[in-house]
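In what follows, a structure is listed as structure tokens, so that the remarks can point back to it.
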Amino acid sequence: MENLENLYREVILEHYKNPRNKGLLPDPSYVTVHIKNPSCGDDITIQTKIKDNQIVDCRHEGKGCSICCSSASVLTETMIGKSTDKAKIIADNYLKMVANKIYDEKIDLEEAEVYIGVRQFPARVKCASIAWQAFMQALAKK
Amino acid sequence: MENLENLYREVILEHYKNPRNKGLLPDPSYVTVHIKNPSCGDDITIQTKIKDNQIVDCRHEGKGCSICCSSASVLTETMIGKSTDKAKIIADNYLKMVANKIYDEKIDLEEAEVYIGVRQFPARVKCASIAWQAFMQALAKK
Amino acid sequence: MEQNIWRADFPQITEKDMIYLDSAASSLKPNSVIMAVTHYDHDLSANIHRGVYKEAYEATFLYEETREKVARFINAIPEEIVFTRGATAALNLVALSYGLKNIHPGDEIIVSELEHHSSLLPWQNVALKTGAKLVYVPLDSEGRITIANFESVLSDHTKVVALTYISNVLGYITPIAEIITLAHAKKAITVIDAAQAIEHMPVDVKTLKCDFLAFSGHKMLGPTGIGILYGKQEYLEIMEPIEVGGDMNDNVNKYDAEWKDSPYKFEAGTMPIASAIGLGTAIDYWQEHNIMAMEDHVRRLRKYTYTQIKKIPGITIYNPTSETGLIAFNIDGVHAHDASSYFAEHNVCLRAGHHCAQLVMKWLNIEACLRASLFFYNTFADCDRFIDATKNAVKFFHKMGF
Amino acid sequence: MEQNIWRADFPQITEKDMIYLDSAASSLKPNSVIMAVTHYDHDLSANIHRGVYKEAYEATFLYEETREKVARFINAIPEEIVFTRGATAALNLVALSYGLKNIHPGDEIIVSELEHHSSLLPWQNVALKTGAKLVYVPLDSEGRITIANFESVLSDHTKVVALTYISNVLGYITPIAEIITLAHAKKAITVIDAAQAIEHMPVDVKTLKCDFLAFSGHKMLGPTGIGILYGKQEYLEIMEPIEVGGDMNDNVNKYDAEWKDSPYKFEAGTMPIASAIGLGTAIDYWQEHNIMAMEDHVRRLRKYTYTQIKKIPGITIYNPTSETGLIAFNIDGVHAHDASSYFAEHNVCLRAGHHCAQLVMKWLNIEACLRASLFFYNTFADCDRFIDATKNAVKFFHKMGF
Ligand SMILES: Cc1ncc(COP(=O)(O)O)c(C=O)c1O
Ligand SMILES: Cc1ncc(COP(=O)(O)O)c(C=O)c1O
């Protein structure tokens, strides 16, 4: 039970029920990346607008479980206003953290920190990762 | 060694080296059946001419190992002159004998008797059988 | 304690605390099957069909004996039994070989929204490639294929009827015998997906008169990697192989080649020998036990479990009237993947997702659902653990704010 | 006694008196591989890719980990590794998906008479279906594919070069790297049959630069029923799946569907999970041992055995200069099947027949031959038994009047 309570933390539920920055914009200045989780049908699209190496906006849309949808919302809140360099470091460490790999604990992951509970659920790591992977791809595309 | 000497009996070698009734005839009054042994490339064709329920001629052609080729030759010698009823009984018992099944030991298999050694070589039962199976099919076709 | 005479044969559940309710995805394997596979790997380990030495001969014998066992099991002859990688490969073989050759623009292929993707997509592909029309049997209000609805889409243009015998999500049994008779009256061929049926009822292809029927080893106590295509000899004979290569040919010349007779022409290269032999042993298991008694037990489990689950507020069940051991459900407001982690934490193994049947999900108007599948080795104690877990899951997710 | 550090891992030969000289047909399996298969069957027995519970997760993990192991083993990336039923299925997939779509009348496909039927027939079929021309590399006087002879048939029309890396009858190594470079200069794609190579030499697809490469688990210490297609990502991405069904799709609609990315789109339905996991363990075995040392040992065995067999009057050897562990031979005047029974009676397991390579037999102008294949777990004592058996066989058949 403890593991599960650690998984479904309040922040996660809050973002699941009240997602921030949701809905895509028909604006070509955004980089759009769409990712699916082949093993469970989660389906997430991330839009990122970058100006002068700054994430000026980040949006999401999609469907899936609470971990998947909320992590997309948390991602957008975390990233808006960050420099692309900083964003890359945060996303990289977040992805390592949820996959239970060695990561730099000194980096402040802000709200995204709560996804640490996912480490106990290897089958759910992908759920917590796909939005962030899509974001990483968007950065790489830029 | 004993098993092997039992397998390659003199009669068998004799027929292998000097096959009787070999070569097919372009005569439509013969029933022709072609069988292959998918597992080893043996390839035998049997021609049978039946008149008034009598096997008046039987011929063979093909390639394969000594067991396969000789048994075709022995088949033809055994069958020529037999009634179809008698032929069926002999062939049926021969096939049972080589497959190590229960058969009627009172039936005279004539020279074909020597193939009893094949029973000790399950992997070679097919070699000894295909000519005789082709003959059985020819009878059924009639 | 309750007696389950079969359970002791399944080490996966007797040797640890696991409530296995995912047999519709893959059944557990009895000790005898595990040992048959090990026997091949450990003692034989030889290729088949060409070896004269003892091990090769025994392997060949066991492989071909399995073909005979399968044939007897479904009342066919060995020549009508093709080994494949699984039900999916079997259904594709029919579609690619028979379908692409014999279906023409304007022809109609009847399928249903209950189909598993492995039964649907091969024919969707044939329709797209040939210009034939894919026609869906309308499902009734429960989600069933009925004879009346089937008749409403059957026409003189119908060339293929490709339907599931038992739905892998809702567990409904299709009135397939009647449908086959109706299809044959229109000279349509029938391709039956028996992947969920073969382990729940006696299947007799001569009584059914189906033209093709497919199933997988791993859902019927056998190993992964092996499946069966049954086909009427007259069809298998005229069908071309899709994969060509070693062992399936007779004469090979530089610019052309001849194939062996069916079923060998469909088995190219080294086949899954160990898995085929394991399937033979799985069939022995079915022959040694009473499938009707097993299925009776499943139905009792299903009835008990359904009655209890239905009482829990906050649960939606999608197949209340199912006659086989499946319960398709969701916890209201909780995505199936969130829910399944809860069950997994309590060692209750069930499946979450679309179950390779997205059209059923769309028909139910849901994204995904949970599926508990009961099998003969399950016990009432298993059901109780599942029922308790469900109750607690509802409470848990409520507490967490879902 | 001579030391063989590998032999103890193979129960098939340590637990009984068997001189196994048929590894080119199917290799023996080390204990670790047998145990890996049993681990899946006995402890997991769950389907992959969709389960959230522990057993399903572990099975998925092991299956996907095998893909990574295979990728590392041949220096590819996991996305380039497709699981198939075997080398035959892999080679067919390239021919059916890439070949039928991209080959046109007048195009040329280069093959050789050394090809195993599984490498030849898929392209013979493409040639027949598309109107392309099948072109044979002339073999040199020993029966080898040479660079010069390859150049003599390479042309601006060449679109596909489908060749074996090592012949399964004569054991010759094709100068494949040079051939691939020449083929690429003509913009032809290269499809390498590595079924006999992967277990005899390090294979590095990045160094070779081949476009496709195929091999089977069961010849490289793994289980039956699993094989690998390596394909460059740029080709796999544009290729359509041949089999469609569960697990390989994204969105499924009533009249169309989308596929997952490669390699998943090529893996329809439940795959041979146990065999894939076993293959992963086989690759561990290769990684933990020194393949160069193993092959060195094989060459020493081959040299010793060849020298002895050559001395026996009444023996014809067809591949005197072979650089790998094969000896292809006949006892003069004795059909290979007759001879093989003699060897089998003396527990010497070798293969007789055309070895799924009828064009080589025709080239050698024989019906069939015997093939002894030496592998790293064989010993000089094995070779002596084989040499003695051969001598005695010659005497025996002479005595019997052959
Ligand atoms: C050179 C070669 N290619 C292809 C194959 C086919 O492999 P499989 O039968 O495992 O599909 C074999 C093995 O028989 C072979 O030796
Ligand atoms: C009804 C149905 N048809 C077909 C299949 C496909 O079987 P497999 O994945 O073993 O090929 C399944 C199993 O997933 C199924 O439940």
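All heavy atoms count here, side chains included; hydrogens, waters and symmetry mates do not. In the text below, chain A, chain B and the rest are named by the order of the sequence lines, each starting its count at 1. It should be emphasised that the depicted structure is a prediction, and the values quoted were computed from it without experimental measurement.
Between C/Phe10 and C/Tyr20, the distance from one ring center to the other does not fall under 6.0 angstrom.
Residue contact with chain D, scored on non-hydrogen atoms closer than 4.5 Å, involves the side chain of C/Asn92 exclusively. Contacts of D/Ala274 with chain C are made by both backbone and side-chain atoms, with heavy-atom separations under 4.5 Å. Only the side chain of D/Val37 comes within contact range of chain C, judged by heavy atoms closer than 4.5 Å. If you measure heavy-atom distances from D/Trp259 to chain C, the contacts under 4.5 Å come from the side chain alone. Using a 4.5 Å cut-off between heavy atoms, C/Met18 contacts chain D through its side chain alone, with no backbone atom that close. Using a 4.5 Å cut-off between heavy atoms, C/Ala268 contacts chain D through both its backbone and its side chain. There is no contact between C/Ser216 and chain D, counting heavy-atom distances below 4.5 Å. For chain D, no part of C/Phe343 is nearby; none of its heavy atoms comes within less than 4.5 Å. Only the side chain of D/Leu128 has a heavy atom closer than 4.5 Å to any heavy atom of chain C. Of the two parts of D/Ser23, neither the backbone nor the side chain holds a non-hydrogen atom closer than 4.5 Å to a non-hydrogen atom of chain C. For D/Asn251, the parts sitting under 4.5 Å from any heavy atom of chain C are the backbone and the side chain alike. Looking at C/Tyr136, the atoms closer than 4.5 Å to chain D (heavy atoms on both sides) all sit in the side chain, from C-beta outward. The parts of D/Glu243 that come within reach of chain C are both its backbone and its side chain, each placing non-hydrogen atoms under 4.5 angstrom from that chain. With a threshold of 4.5 angstrom between heavy atoms, D/Ile48 approaches chain C through N, CA, C or O but not through any side-chain atom.
In this pair, C/His49 and C/Tyr63 present their aromatic rings perpendicular. The plane angle is above 60°, beyond the 30 to 60° band.
Residues from residues 111-120 of chain C that place a non-hydrogen atom less than 4.5 Å from a non-hydrogen atom of chain D comprise C/Glu113, C/His116, C/His117, C/Ser118, C/Leu120, given in numerical order.
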